[in-house]
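A short write-up of the structure that comes next.
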Amino acid sequence: MSADSAPPPAMDGLTISDAVPEAEFSKRVLIKSILGRPDKGAGLNGQKVRIGGWVKTGREAEKGTLAFLQVNDGSSPENLQVLVKSDVYKVSDVVATGTCVHIEGLLQRPPETATQQKIELQVSNVISVGTVDAAKYPLPKSKARLPLELLRDVVHLRPRTNIISAIARIRNALAYATHTFFQNHGFLYIHTPIITTSDCEGAGEMFQVTTLINDVEKLEKELKETPPPSEADLKDAELAVKEKGEAVAQLKAAKASKKEISDAVSELTKAKENFSKLDERCKLAERFRLHGGIPKKDGKIDYTEDFFARQAFLTVSGQLQVETYACALSSVYTFGPTFRAENSHTSRHLAEFWMVEPEIAFADIQDDMNCAEAYVRFLCQWLLDNCYDDMEFMTKHVDKSALERLKMVAGSKFEKITYTKAVEILEEAAKVKKFENKVEWGIDLASEHERYLTEEKFKAPVIVYNYPKEIKAFYMKVNEDNKTVAAMDVLVPKVGELIGGSQREENYDVLRQRILDLDLPLEPYQWYLDLRRYGTVEHSGFGLGFERMILFATGVENIRDVIPFPRYPGRADL
């Protein structure tokens, strides 16, 4: 073996396999690689490492000759204790909360009296420091927690807090688990459009995508900078066209040379172009005067003048579009952002949120329920297997029942009851329990009803299916009783509805009539009806609100705190 290929020597009794690995692409060691070991890093005593992170808390000791730092790099909820001596670096420049440090040093077991830490880093070299003005830094030391609602005012800095960084890692784990589950079961990941021309839910609460307003602002600015031509200017331009036209006619009648006629025609063309430009500006100015610049036809906005030449919106769901691929590739899913222009300020609503939406061909409502149950149980088990430290943090600081709830769902067989049976159970419960919302057949179950079924009646997740067709979307399969549709909701403790899904209506005539019955326009759904015209197939699917899954897992109360950049009425920071 050559000297270049020889293994490095072991340090302090460490074998090569014990050595802490560097993170890829950054020549540093992740704090999780140190503290996430079963021995909490004690076995790495004597190893030289480089780390980078941000100071959670820092304090000077021994009359300013030493600093103790708690450093976190985002890889773990745990902080690494770091010791910096004044002969290595000016300690007052590294103790402020929020300071970024990139450092090298030796991992050492702390004195016996320091029982909390199994290992600490004694710094030998400071590579770089990102300083902080402690008087202006908006985040307090980690022991003084800011309420989550106040952290929304510093959305660009809140990932540095323990709770938001833990939520980010849990969110990442759930996204990875989502792709793992569907890829393992033979689903294809399909990117569905964010801009759409159809309303999946038929509720009309959609954000419109248009350039008409921008065009109006440009026109207003242009008209101010270059006023429209006067009526006299337009008449002069029209007269010039007439005169140039007569000149061409005269030259042709006189059998003038080709060059003379060509030059005259060129002058006529320029005159026509000038008149056309002036006329168009006059029309634009008149439109601005009459309609504020918005193009109209027959008294309505003329969307043929818009960017897409028709009305367009931000999607509320990728379901309809992903069905086109299910009807060709069998098992597919989409996972992306969706939007709802609902002016709601509740703790369960966002204007922008993420949805996971699988679609399965040759599948009925029973298959759909089985897939949803398997998926939710997989997500819960994935967090227990891969994100336990963060779930322990959430259980300790946010919701004492978080881990217990995950374990319960991961190990439970979901109860399956019809909507009719659910109403009967709730009506019986209402005799002794007060619900704020009245219970009767035909209502859309409220959150309090859903949570009663999961938290009190069954003490397990519940799937309710066969809902009244009047309260469900047009695309859901109408059952033989003509009163209900093959729809299902997965209900879980803490949040109530986690998943909504259905068997889709595959019969062309029934689907067309459902669209008409709900007073929806047929034109935007002709392509959707085509899926029933050409090779229709029984198929089913569901949608999981990704942020709701994070609420369920973590126990956080407000959905605005489990998405990195929350958008809701009045707020769209960054």
Quick one: closest heavy-atom pair of [X] and [Y], and the distance?
{"X": "Ile515", "Y": "Pro521", "result": "CG2-O, 4.1 Å"}
{"X": "Val155", "Y": "Pro564", "result": "CG2-O, 3.5 Å"}
{"X": "Gly58", "Y": "Leu69", "result": "CA-CD2, 4.0 Å"}
{"X": "Leu453", "Y": "Val462", "result": "O-CG2, 3.8 Å"}
{"X": "Asp399", "Y": "Ser401", "result": "OD1-OG, 2.8 Å"}
{"X": "Val409", "Y": "Val376", "result": "CG1-CG1, 3.9 Å"}

Which value, rounded to the nearest 0.5 Å, describes the distance between [X] atom [atom1] and [Y] atom [atom2]?
{"X": "Thr192", "Y": "Met355", "atom1": "OG1", "atom2": "CE", "answer": "10.5 Å"}
{"X": "Phe565", "Y": "Ile563", "atom1": "CZ", "atom2": "CD1", "answer": "9.5 Å"}
{"X": "Ile499", "Y": "Leu544", "atom1": "CD1", "atom2": "CG", "answer": "4.5 Å"}
{"X": "Glu557", "Y": "Thr554", "atom1": "CD", "atom2": "OG1", "answer": "9.0 Å"}
{"X": "Thr454", "Y": "Arg405", "atom1": "OG1", "atom2": "CZ", "answer": "10.0 Å"}
{"X": "Met488", "Y": "Ile463", "atom1": "CE", "atom2": "CD1", "answer": "6.0 Å"}

Closer than 4.0 angstrom, basic N to acidic O: yes or no for [X] and [Y]?
{"X": "Asp573", "Y": "Arg571", "value": "yes"}
{"X": "Asp561", "Y": "Arg152", "value": "yes"}
{"X": "Glu415", "Y": "Lys459", "value": "no"}
{"X": "Asp489", "Y": "Lys472", "value": "yes"}

Crowding at [atom1], [X] (>12 non-hydrogen neighbours, <6.0 Å):
{"X": "Arg348", "atom1": "CZ", "answer": "yes"}
{"X": "Lys416", "atom1": "NZ", "answer": "yes"}
{"X": "Glu392", "atom1": "CD", "answer": "yes"}
{"X": "Leu516", "atom1": "CG", "answer": "yes"}

Is the backbone N or O of Asn507 less than 3.5 Å from a side-chain atom of Glu505, with the two atoms forming a donor-acceptor pair by type? yes

When you look at Tyr388 and Leu403, which way does the side chain to side chain contact (heavy atoms under 4.5 Å, CB included) test go after all the steps? CA-CA 9 Å; Tyr388 202 86; Leu403 269 171; 3.7 Å; yes

Which residue, Lys40, Lys118, Lys56, Lys32, forms the salt bridge (Lys or Arg N to Asp or Glu O under 4.0 Å) with Glu78? Lys40

So, do [X] and [Y] sit near enough that their side-chain heavy atoms are less than 4.5 Å apart?
{"X": "Glu323", "Y": "Leu320", "answer": "yes"}
{"X": "Leu151", "Y": "Thr161", "answer": "yes"}
{"X": "Met206", "Y": "Val316", "answer": "yes"}
{"X": "Ile163", "Y": "Ile167", "answer": "yes"}
{"X": "Val556", "Y": "Met394", "answer": "yes"}
{"X": "Trp527", "Y": "Thr324", "answer": "yes"}
{"X": "Ser540", "Y": "Ile360", "answer": "no"}
{"X": "Thr536", "Y": "Leu531", "answer": "no"}

Return yes if a side-chain donor-acceptor contact under 3.5 Å exists between [X] and [Y], otherwise no.
{"X": "Asn370", "Y": "Gln366", "value": "no"}
{"X": "Arg512", "Y": "Gln526", "value": "no"}
{"X": "Ser502", "Y": "Arg504", "value": "yes"}
{"X": "Thr210", "Y": "Asp306", "value": "yes"}
{"X": "Tyr303", "Y": "Gln208", "value": "yes"}
{"X": "Thr196", "Y": "Gln321", "value": "yes"}
{"X": "Asp444", "Y": "Tyr467", "value": "no"}
{"X": "Glu359", "Y": "Gln319", "value": "no"}
{"X": "Asn482", "Y": "Lys469", "value": "yes"}
{"X": "Asn466", "Y": "Thr484", "value": "no"}

From CA spacing to verdict: side chain to side chain contact (heavy atoms under 4.5 Å, CB included), Tyr528, Phe474: CA-CA 12 Å; Tyr528 191 65; Phe474 69 92; 3.9 Å; yes

Tell me, with the steps shown, if Glu506 and His539 meet side chain to side chain donor-acceptor pair (under 3.5 Å). CA-CA 7 Å; Glu506 82 278 7; His539 60 289; over 6 Å; no

Residues passing the ring-ring contact (aromatic ring centres under 6.0 Å, His included) test with Phe181, sequence neighbours excluded, are His185, Tyr375, Phe378

Output every pair passing ring-ring contact (aromatic ring centres under 6.0 Å, His included) with a member in residues 323-350, not counting sequence neighbours, ordered by first then second residue. His179-Tyr333, His179-Phe335, Phe182-Tyr333, Tyr189-Tyr333, Phe335-Trp354, Phe335-Phe546

Of Lys407, Met408, Met549, which is the lone residue that meets side chain to side chain contact (heavy atoms under 4.5 Å, CB included) with Cys380? Met549

Within 45° of the six-membered ring axis of Phe552 and under 6.0 Å from that ring's centre, is NZ or CZ of Lys494 located there? no

NZ or CZ of Arg340 within 45° of Phe353 ring axis and under 6.0 Å: no

Can you give each donor-acceptor pair under 3.5 Å made by side-chain atoms of residues 433-442, sequence neighbours left out, with the distance rounded to 0.1 Å?
from: Lys433; atom 1: NZ; to: Glu456; atom 2: OE2; distance (Å): 3.3
from: Asn437; atom 1: ND2; to: Glu448; atom 2: OE2; distance (Å): 2.7
from: Trp441; atom 1: NE1; to: Thr420; atom 2: OG1; distance (Å): 3.0

Kindly determine whether Glu547 and Arg171 satisfy salt bridge (charged side-chain N to carboxylate O under 4.0 Å, His left out), including the steps that lead there. CA-CA 8 Å; Glu547 283 73 31; Arg171 185 184 179 100; 2.7 Å; yes

For Thr97 and Val132, what are the C-alpha separation, side-chain angles and deciding distance, and is it a side chain to side chain contact (heavy atoms under 4.5 Å, CB included)? CA-CA 8 Å; Thr97 297; Val132 163; over 6 Å; no

Could you walk me through whether Asp39 and Arg37 pass salt bridge (charged side-chain N to carboxylate O under 4.0 Å, His left out), step by step? CA-CA 5 Å; Asp39 63 2; Arg37 294 161 51 103; 3.1 Å; yes

